[in-house]
Structure formats: structure tokens, C-alpha cells
2 protein chains.
Amino acid sequence: MSQQRQGSTPGNTGAVPAFPDLPEATIARLPEYLRALHNLAETGSETVSSEGLAAAAGVNSAKLRKDLSHLGSYGTRGVGYDVALLIDQIEYILGLDQRRAVALVGVGNLGHALAGYDGFASRGFRIVALFDADPEQVGQALNGLTVRHVEELGRAVVEEGITIGVIATPAGAAQAVADDLVAAGVTSILNFAPCVLAVPAGVDVRKVDLAIELQILSFHEHRKASLTALPGGRSPQAGNQEAVGS
Amino acid sequence: MSQQRQGSTPGNTGAVPAFPDLPEATIARLPEYLRALHNLAETGSETVSSEGLAAAAGVNSAKLRKDLSHLGSYGTRGVGYDVALLIDQIEYILGLDQRRAVALVGVGNLGHALAGYDGFASRGFRIVALFDADPEQVGQALNGLTVRHVEELGRAVVEEGITIGVIATPAGAAQAVADDLVAAGVTSILNFAPCVLAVPAGVDVRKVDLAIELQILSFHEHRKASLTALPGGRSPQAGNQEAVGS
DNA sequence: AGGCGCTTGTGAAGGCGTGCACAAATCGCG
DNA sequence: CGCGATTTGTGCACGCCTTCACAAGCGCCT
Ligand SMILES: NC(=O)c1ccc[n+]([C@@H]2O[C@H](COP(=O)([O-])OP(=O)(O)OC[C@H]3O[C@@H](n4cnc5c(N)ncnc54)[C@H](O)[C@@H]3O)[C@@H](O)[C@H]2O)c1
Ligand SMILES: NC(=O)c1ccc[n+]([C@@H]2O[C@H](COP(=O)([O-])OP(=O)(O)OC[C@H]3O[C@@H](n4cnc5c(N)ncnc54)[C@H](O)[C@@H]3O)[C@@H](O)[C@H]2O)c1
């Protein structure tokens, strides 16, 4: 969904797939369920109904049940879902039991905030290396890590077993950084730079663009405003039908 | 898509809607087209083909043409699209000609980065007010703005004509801040806190959650790894279907 | 032991989005 | 002035996703 995805040909011969190939839409919601489940676990709940979990995750309960049914049958009819079991299952599916190593490239304004964020560690990720091209930034300590020069990226990726790269450089440098990451063996990239990245097949790219989010909100503001201003009316200008013809 | 949307009952009686009600998927892509168009305009291009613009925006050319056709006919067959005209049209549709006023609540780690980001101003947004609950933060100057106490939010929203609020507080405070924003008259919220917000109908909420993005990438890493490790194999554990029953 | 209420899991239907393929339209050139 | 090259705009079919509605299953209470 508005995300770049370069798939690989499965060529799967087995009847039941080694990996339940969930719908993309489902995958995107699993993290939200997981968060809700963790919250429930903290409050001491042993089980949740689909209704309860759906409410906590902000979705329709039918959708939640269908999503979870793709993982297998981990609920009990008449009772609900076992919270701890479901957490384990979702974390397993998402591959969060591996505590993935992440590299962050570009420790500027945004990079500093990301490097100092503790919300990643608590969700199964370790930022294990920071990189920048600016000599001023290189060498400084940030949250227990030393910023290294971007030229060392290739070596570090291999040594630290990094599989995910986060790009927080200006847009002009993003493609070059992405190329370096891919060359080093990174197969997943989270891109904060406002630009389209070209990557080979088999590499996943997800983009986060705050300006785009604001622009989408702006559209809805515009729409709402035009509706309240002219209730049931028509466009302020350019209200052309097929009427005003030659 | 994975975004909260509280629609309002249209009750539209007119034949042709006052506002071209574009598909959500199209709206989400317009900002990307807009960026690509601005890039093209800077390089001096007067016109673009759907093929060219699609490549620059990272989408299929058929999809791009269908998207643009929803706005009207702003292309010329055999030639392409007029770059400047298309920019104007998209900016009008997105409501970017109004330079919307934005409030940022929570100037911590992430909030500082957002407040210092110049990429918003260049895309039609002005951050006009900063708020925090921490007395340590209140009063400090940031990028030409003074951080105000969150209690002043209601007054400021009205005075400054703020329609969009950005929440960058811890998750525990997010709902309360959202309530304040809505009470003050804000109808669009961009939420960085990892939690679900409840808002009344007519208010749009978009959420940005970096941990979710990483978890989605992690899933694909997991999938890719299991495919290469066990080509055509099955799940390491818990491969229960309806077999092991009784 | 049996019945009753509750909740899951899923078949089916409808809606939305995507991409193909082509007709319609425009420009440039001879 | 007509023709061919080019590119837009769109009808159509297909697949994915969502939502409804309900049968199947489970536990509890009597
Ligand atoms: N700051 C925000 O709130 C924000 C919001 C949305 C998007 N973004 C985007 O995130 C990116 C970073 O934003 P920022 O505000 O941190 O910018 P910044 O200029 O503060 O930081 C960029 C950093 O990247 C480094 N860099 C430049 N080229 C590099 C290279 N080739 N290799 C490695 N490092 C390199 C720079 O030295 C600098 O430290 C930009 O693309 C921006 O558009 C930022
Ligand atoms: N830092 C990141 O890179 C990052 C990444 C992803 C998500 N987030 C999320 O963004 C949010 C902010 O993250 P952060 O790292 O900046 O946290 P932070 O603790 O550094 O900043 C939070 C700020 O919010 C203020 N605040 C608290 N309660 C408030 C209230 N009721 N009203 C107004 N302000 C209030 C605090 O005083 C503080 O300044 C969190 O929800 C976090 O999970 C942050």
C-alpha cells in the first residue's frame, strides 16, 4: 500500500506453505494487535474476546478474527484468545524473537531523535550502528553508540549482522545510501527521506513521509470546509458539467 | 488504510458532488505526484508524459493516468501533462494554497526534530504553536517559536486559526491531548504516539508509528529467511492444523 | 448429563483498487 | 490538408479486502 515492494518468485512446491503467506493488509495490522495484547497483559488479563481486542486495536472485530484465523486457531470458542499465547504467536510470525539489528544512517535532526528513542528496543529491535558523512558528527557518542563514518557501513553490516537499515539523510543522499546498504547485504530499508528509492528485487522498502501525511489531512480539511460552506452546493469555481459546451 | 477515518454522513442531494470525492488510494498518492512535479519543474520541464511522471513517483503509469483523470482532464493527448498546471490543480485539491496552521504538542525528543524541520514550510504548512506540559520545556525558544503550556492550547487554536494538530507526547498523554485539540476545534490530527485515539465523527486521525514499520519489515525478513533456509519446508514448531485434535 | 449462552472461525457477497488494452485526441510534418 | 506517431482517458476484468451472518464448538450452570 503505497509502499514499495519487490517480491521474489516463491516457487513453493509444498502443499501447506512453510510460512503462512498472510495478506499484506493483515501483516500491517498484526503489530497493532501485538501492542494491544501487551497492554492487556500488563493489566493482568489472561484472555480477550475478539470484540475486546478489536476495540483496543481500533478495528472491526470481524476483521480481527479473520486476520487471526490466518495464523491458525489460537482462540477458544465461548472464551476468547489466550493473551500470552497470542503474543508469542504474533511475535514469532513477525520474527521479533530474533531482536533484529538495525543500522541508522544520518544522525541529523531526525536521526538524533530516532537514536535516542527507547521504543525500538522494547519492540524487538536494536540500533547497533550509527553512520553519518559529516566529520562533525562522526565520533560523537549517542545513547551509548559512537557515530561512524558512512564508509564503514559495509564492514559494520556484515560484522554486526545487520538486516535493516534506516535512512535519515537528506533526499539527495538517500539513493546512494540505499545502494550502499543493499551492497552490504541489507534487505530491508526504512526511508525517511522524501524521495523514491530504486532497489533490486528481494529488497523491501518502506517509506515514512510526514509531509505526505499532513497533505492527506489537508485534503480532508479542504473537503470538510467546502462541504460546510456550501451544504449540498457545488464547486466554488470550475463547476463545469458537459453543459457549457461550444 | 490502517488509518482511522471518521466520516460524516454526506446527505448530498446534488448530482455532481461539490468536491470531486477521490478514492482514498488516489489521495494518498497525490502528494507523491506533487513532489515529483516540483522536481520536474525545477529542472525546467514544461510537460511530462504519464510514463515519465509515473517513473518519478514510483508507480504504474496506468494508475497515474487513472488517478489524474479523477481530477479532470488536465493532459493533452500526444503531448503529456503541463507541469505547472498540474501542480496548481493538485495543490488546489489538497488545499495547500491555504498554508495551513499546525500546532505541535510535545516538544521532547521527536518534537524537537519536527519543530526544527524545514520540510513542512516548503510544502504548505506552518507550525505556528508549540506546546508542552513540562515546565522545563515551557518558555524556551525553538526555531523562532516559544513553547507554551498545553493549557493555553484552546485559546491558541482559535487565535491562530489552527486546523491540524500534531501529537508527539508519550502514549499515556496522547488521548487527553487529542481531546483538548478536538475541544478547541481542531479537526485533523497526526499522531506519533503508539496508541489508538478515540475521536468524534468528523475528525480525521492519521497515525505514524515507526515501530510498526520496522515490524512489518521484520516480518518480510523472517519470511525471506525461512524461504532460503527451508526451500519448500515447513514451520519449525507449532505446525498444528486440525490433525492433532481430540 | 443436558441445555444454554457466548465466542470463534468461515463461507459468501459486495466494494474497492489495479492493470490491461484500446479508442479518441492532439501534434508535427510532408 | 491528411497521415502517422504519440499519449491521454477509460471500459473492463480480475483479485484483494472488508463485512455480514451464522454454524460449529466450548464452558458453565443446573
Ligand atoms: N527533521 C524532521 O522532523 C523530519 C521530518 C520528516 C522528514 N525528514 C527527512 O528526514 C531526513 C533527515 O532530516 P533531518 O532534519 O534530520 O536533516 P539533517 O540535515 O538535520 O540531517 C541529515 C544528516 O544526514 C547526514 N548526511 C548527509 N549526507 C549523508 C550521506 N551521504 N551519508 C550519511 N549521512 C549523510 C548529514 O551529515 C546530517 O547529519 C531528510 O530527508 C528530511 O527530509 C525529517
Ligand atoms: N523519538 C522518536 O524517535 C520516536 C519514534 C517513534 C515514536 N515516538 C513516539 O513519539 C512520542 C514522543 O516521543 P519522544 O521521544 O519525543 O518522547 P519524549 O519523552 O522525549 O517527549 C515527550 C514530550 O511530551 C511532553 N508531554 C508529556 N505529557 C504531555 C501533555 N499531557 N501535554 C503536553 N506535552 C506533554 C513531555 O514533557 C515531553 O517533552 C512518544 O509517544 C513516542 O513513543 C518517538
Judged by nearest nucleotide, the residue sitting upstream toward the 5' end of DNA chain C, A/K66 or A/G80, is A/G80

B/L217 and side chain to side chain contact (heavy atoms under 4.5 Å, CB included): which partner among A/D204, A/T163, A/I189, A/L94?
-> A/D204

Nearest whole angstrom, please: distance from the C1' of C/dC16 to the CG of B/L22.
-> 14 Å

Expressed in angstrom and rounded to an integer, what is the separation of A/E51 atom CD from C/dT8 atom P?
-> 8 Å

Which residue lies toward the 5' end of DNA chain C, A/T76 or B/R65, if each is placed at its nearest nucleotide?
-> A/T76

Rounding to a whole Å, what distance do you find between B/H70:NE2 and D/dT10:C1'?
-> 10 Å

Rounded to whole Å, the CG-C1' distance (A/N60 to C/dG15) equals 15 Å

Heavy atoms under 4.0 Å, any strand shown: does B/S73 hit a base, just sugar-phosphate, or nothing?
-> sugar-phosphate

A/L85 CG - C/dT8 C1' separation (whole Å) | 14 Å

Identify which nucleotide among C/dG17, C/dG9, D/dG27 has an atom closest to any side-chain atom of A/V79, counting heavy atoms from C-beta outward.
-> D/dG27

Between CG of B/D67 and P of D/dT8 the distance, given in whole Å, is 14 Å

Counting just side-chain N and O atoms, does B/S50 come under 4.0 Å of either OP1 or OP2 of D/dT7?
-> no

Considering only side-chain heavy atoms of A/E24, which listed nucleotide, D/dC17, C/dG19, D/dT10, is closest?
-> D/dC17

Nucleotide of C/dT7, C/dG17, C/dT10 approaching A/S49 most closely (side-chain heavy atoms) | C/dT7

Salt bridge check: are A/K207 and B/E32 linked by an N-O gap of less than 4.0 Å?
-> yes

How long is the line joining CG of B/L64 and P of C/dC20, in whole Å?
-> 14 Å

Kindly say if A/Y81 contacts the phosphate of D/dC26, meaning a side-chain N or O under 4.0 Å from OP1 or OP2.
-> no

So, A/K224 side chain and B/T187 main chain: donor-acceptor pair closer than 3.5 Å or not?
-> yes

With respect to A/V48, which candidate in A/V83, A/D82, A/L64, A/V79 satisfies the side chain to side chain contact (heavy atoms under 4.5 Å, CB included) definition?
-> A/V83

Using only heavy-atom distances, determine whether the side chains of A/R223 and A/H220 contain a donor-acceptor pair under 3.5 Å.
-> yes

B/Q89 CD to D/dT8 P, in whole Å, measures 17 Å

By nearest nucleotide on DNA chain D, pick out whichever of A/A25 and A/R77 is the more 5' one.
-> A/A25

Given D/dG9, C/dT8, D/dT19, which nucleotide is nearest the side-chain atoms of B/S69?
-> D/dG9

